[in-house]
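Let me begin by presenting the structure, written as structure tokens, before commenting on it.
Throughout, protein chains are lettered first and strands after them, A, B, ... in sequence-line order, and every chain is numbered starting at 1. For clarity, every value in this text was computed on a predicted model and none was experimentally measured.
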Number of protein chains: 2
Amino acid sequence: MVSMVHNHLLFIKTIDNMPKNIPINSKRVTIKDLAKELNTTTSTVSRALHGHGTISEGMKSKVMELAKKRNFSINRYAANLRSGSSKTIGVIVPRINRDFFSNCIAGIEEVTKGAGYSIHIAQSHDILSNEKEIIKSMIESNVCAILISIGLQTTEKSHLDQLSYYGIPFVFFDRAISESSYNRVLIDDFKGGYLATKHLLDMGYKNIAHFSGDQNLEIYQNRTKGYLAALEHHGIPFNDELISKQCLTSDCGEMSIERMMNLPNPPDALFSSSDYSALGALLFLKNEGVKVPEEFGIVGFSNESFTSLVSPPMTTVDQHSIEIGKNAAFACINILKNTNKVNTTSNIVIEPSLIIRETSNRFKTKHNRPNDI
Amino acid sequence: MVSMVHNHLLFIKTIDNMPKNIPINSKRVTIKDLAKELNTTTSTVSRALHGHGTISEGMKSKVMELAKKRNFSINRYAANLRSGSSKTIGVIVPRINRDFFSNCIAGIEEVTKGAGYSIHIAQSHDILSNEKEIIKSMIESNVCAILISIGLQTTEKSHLDQLSYYGIPFVFFDRAISESSYNRVLIDDFKGGYLATKHLLDMGYKNIAHFSGDQNLEIYQNRTKGYLAALEHHGIPFNDELISKQCLTSDCGEMSIERMMNLPNPPDALFSSSDYSALGALLFLKNEGVKVPEEFGIVGFSNESFTSLVSPPMTTVDQHSIEIGKNAAFACINILKNTNKVNTTSNIVIEPSLIIRETSNRFKTKHNRPNDI
DNA sequence: TTTTATCATGCAAACGATTGTTTAAAATAA
DNA sequence: TTATTTTAAACAATCGTTTGCATGATAAAA
């Protein structure tokens, strides 16, 4: 009987469990059992199963056959305990429901699978204590490496030092600690910010606002630097009132743009380091009757799938998320392979692309077709 | 040195690894080491760490302190091997980047964490072989239970029988095998389909098309049944030409609606079992100049976050995904607790809600406010 | 004081695999 | 035929915990 009652719960049916056809084996078959049945030893069975050592073809096939017949499943815990290695890579992202991160994971999966590793996915929800707990748990379960995109709160790195302490290699992707002595796969955020801002200037917008994220994270710092550099190259002084630095959500985007539009000299365009806050601004402006892109230009960042669906479709910066994931996984596997050789640190930088859609295309030039789902 | 070169790769910097400040311990501290240092035995240390058995407060705190000082991290593999249980629940979903599934996972995380379990997330990408591999790997790593939403290709259930064979309990959520002898947490898809269709009829639409998914999955069957029931209650005969049964993607939605609009008696509304195919239809119709909702009504299914962002915002059916996740986790933990008692199977059904937005609201009545992100 | 119960800890055997070292048998060379 | 190499399989230790049972010390009951 389930006793909890939640919202929207319609009804609970509880049926007495009819005996399943499959006999429930209380005891799992082990290589010991296989060995006994074949009148041999566990070492022979183990070697036969893995093709290690010198095993006759006859024995090998006998073992394989019996393993299948007895539905043998290896006990990873025992194997790992003895061998000391797990062939499992931990993957930590702030949240799995962002297109950017789930695409990174897709890239990681592709590469790691090909190399015979399995992955463990976990999300920190941008909360430092979660991140620490996840890392602790991954150390305990002997992952052989970790791929991580750190959370917004991650200002100290004691939990990452733990990994070094235990000799577990790790590779940052996208969101990283600002030290090039770590293995990192990054995008050129400066360039992304620069391209986006330059594009708005090229489109004739004059007074460009900017939303960014926590400046603790290098990626947001760099996007902002790119924004500032583009302004400077066009000889435009930057206005601190037009910058909102902790603005990554839709709600915050709405509030920030409202404040800015009430300034004596309101902006006529926005480059946001987040598609979500750009969306908030877009929704607010539409609601206020401000015409986008005629009166106001918007460029977001990340190419979240909704950007192609909103109206008008949003110009944004694509980060080649799948490539990032692939590269991070490649770098990681490389490290694992060369673990005894000279230790080198790799910093891989991937170039972003500007996807020009409607929110910035005031002259209705044909650029790219909006991505479809 | 990283050798692969990919698209968009800008440059790779390889730095000789400067010696890290943290000494890399080749050997991890074990309870044996702690025991030796305290002149006691591993059993005492183990009991002190877990609070099991009878341990003096003095010894307990001495052990705890030293464990912290020596940066002790338990070896889960050894612990699990000995104890035979893992406190880890496997979670398998078709894809993690669907709002519906990631919300389910959020609900699962909340409940399992509270109960002291950790979870392993994996995605099948709707591919049966992946699903099988994931389950195999989870059996090997001794998960104590599995929460699963099956893939579209999952017509046979031999891999699930494997779980029964090994005595690993599992709970389906949302996408399930059509047998009530399994533990399942479902939404009332029939009701969802009925509500959606009835709403369109109430809004005065007459000729309602329907997109559905693979009829192998009960959820799509039931949504279709709800659609048919609503038509019948309104005395409207159903037209087979207005039903597209393998239509879950945006592309397919576009193609299907195009075909239907060219019929002698084209539809004036659509209830789609998927927000994605509904979106395809919406984009097509907008492009063709058909006015939504004035000339054509659309209702989707799942309340994916983009549905509130498209223009016009889309009416859809919300499945209370977080609740589904929570309930699945509760059911699972319940089973684990009662593992020795009478075995009962629970079928939990959660009621969906219709979220009325613009694509169906031809009279511009105020219903609900569109959800924001 | 003796007997019994309680408590804290030690002892030693698992758990199920892997793997370095031997041994036995078969194949080859002398 | 004998000596040597190669091949296949057995032996046994080990990985780091947990846990049932034994032990000794102290406290409570008789």
Side-chain angles (χ1 to χ4, degrees), chain A residues 25-64 66-67 70-88 137 139-144 166-167, chain B residues 25-64 66-67 70-88 137 139-144 166-167:
Chain A
N25 284 26
S26 58
K27 222 169 139 41
R28 283 168 66 150
V29 173
T30 69
I31 58 168
K32 225 178 198 166
D33 301 324
L34 298 182
K36 192 180 285 175
E37 192 165 347
L38 289 171
N39 268 319
T40 179
T41 59
T42 59
S43 42
T44 305
V45 173
S46 171
R47 282 189 256 254
L49 288 170
H50 296 92
H52 288 159
T54 51
I55 294 285
S56 67
E57 278 307 315
M59 180 58 92
K60 200 167 167 180
S61 55
K62 267 205 308 189
V63 169
M64 291 299 209
L66 187 68
R70 292 275 168 271
N71 202 13
F72 168 77
S73 168
I74 201 173
N75 184 330
R76 287 271 158 235
Y77 284 89
N80 175 255
L81 173 60
R82 173 60 231 239
S83 69
S85 78
S86 71
K87 280 260 176 186
T88 300
S137 148
I139 291 174
E140 288 175 353
S141 53
N142 284 7
V143 294
C144 58
Y166 287 114
Chain B
N25 283 27
S26 60
K27 222 170 137 43
R28 283 169 67 150
V29 173
T30 69
I31 58 169
K32 229 178 196 165
D33 301 324
L34 298 182
K36 193 181 287 176
E37 193 165 345
L38 290 171
N39 268 318
T40 180
T41 57
T42 59
S43 40
T44 305
V45 173
S46 171
R47 282 189 263 253
L49 288 170
H50 295 93
H52 286 160
T54 51
I55 293 283
S56 67
E57 279 306 314
M59 179 58 94
K60 199 169 167 178
S61 55
K62 268 205 307 188
V63 169
M64 290 299 208
L66 187 69
R70 293 275 167 272
N71 202 13
F72 168 76
S73 168
I74 200 173
N75 184 328
R76 288 268 157 237
Y77 284 89
N80 176 255
L81 172 59
R82 173 60 230 238
S83 70
S85 78
S86 70
K87 280 257 174 189
T88 300
S137 149
I139 291 174
E140 288 176 353
S141 52
N142 284 8
V143 295
C144 58
Y166 287 113

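Rounded to the nearest 0.5 angstrom, Arg28(B) CZ and Ile74(B) CD1 are separated by 10.0 Å. Here OG1 of Thr88(B) is found 8.0 Å from CZ of Arg76(B). Values are rounded to the nearest 0.5 Å. Between the CD1 atom of Ile139(A) and the OH atom of Tyr166(A) there is a distance of 6.0 Å, given to the nearest 0.5 Å. The distance from atom CG of Asn75(B) to atom CG of Leu81(B), rounded to the nearest 0.5 Å, is 9.5 Å. Here the CG-OG1 distance, from Asn39(A) to Thr44(A), works out to 11.5 Å after rounding to the nearest 0.5 Å.
Spacing between atom CD1 of Ile55(A) and atom P of dT6(D) amounts to 19 Å, rounded to whole angstrom units. Rounded to whole angstrom, the span from the CG atom of Asn142(A) across to the C1' atom of dC15(D) amounts to 11 Å. The distance between atom OH of Tyr77(B) and atom C1' of dT14(D), rounded to the nearest whole Å, is 18 Å. Rounded to an integer number of Å, the gap from His50(B) NE2 to dT17(D) C1' is 9 Å. The CD1-C1' distance, from Ile31(B) to dT19(D), rounds to 11 Å in whole Å. Between Glu140(A) atom CD and dG16(D) atom C1' the separation is 13 Å, expressed in whole Å.
Nearer the 5' end of DNA chain D, as judged by each residue's closest nucleotide, is the contact made by Met59(A), out of Asn80(B) and Met59(A). Map Ala78(B) and Glu57(B) each onto its nearest nucleotide of DNA chain C; the residue landing nearer the 5' end is Glu57(B). Along DNA chain D, the nucleotide closest to Leu81(B) and the one closest to His52(B) are compared, and the more 5′ of them pairs with Leu81(B).
Residues Leu38(B) and Val63(B) form a side-chain contact, since some pair of their non-hydrogen atoms from C-beta on lies under 4.5 Å apart.
Chain B approaches DNA chain C within less than 4.0 angstrom (heavy atoms of the protein), and the contacting nucleotides run 5' to 3' from dA8(C) to dG16(C).
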Would you be so kind as to tabulate the donor-acceptor pairs closer than 3.5 Å made by side chains of residues 46-58 of chain A, with sequence neighbours excluded?
{"residue": "His50(A)", "atom": "ND1", "partner": "Ser46(A)", "partner atom": "O", "Å": "2.8"}
{"residue": "Ser56(A)", "atom": "OG", "partner": "Met59(A)", "partner atom": "N", "Å": "3.2"}

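For DNA chain C, the neighbouring residues in residues 39-48 of chain B, judged by any heavy atom under 4.0 Å, are Asn39(B), Thr40(B), Thr41(B), Ser43(B), Thr44(B), Arg47(B).
Exactly one residue among Leu34(A), Leu66(A), Asn71(A) makes a side chain to side chain contact (heavy atoms under 4.5 Å, CB included) with Val29(A). That residue is Leu34(A).
Between the Tyr77(A) side chain and the Ser141(B) main chain, a donor and an acceptor come within less than 3.5 Å of each other.
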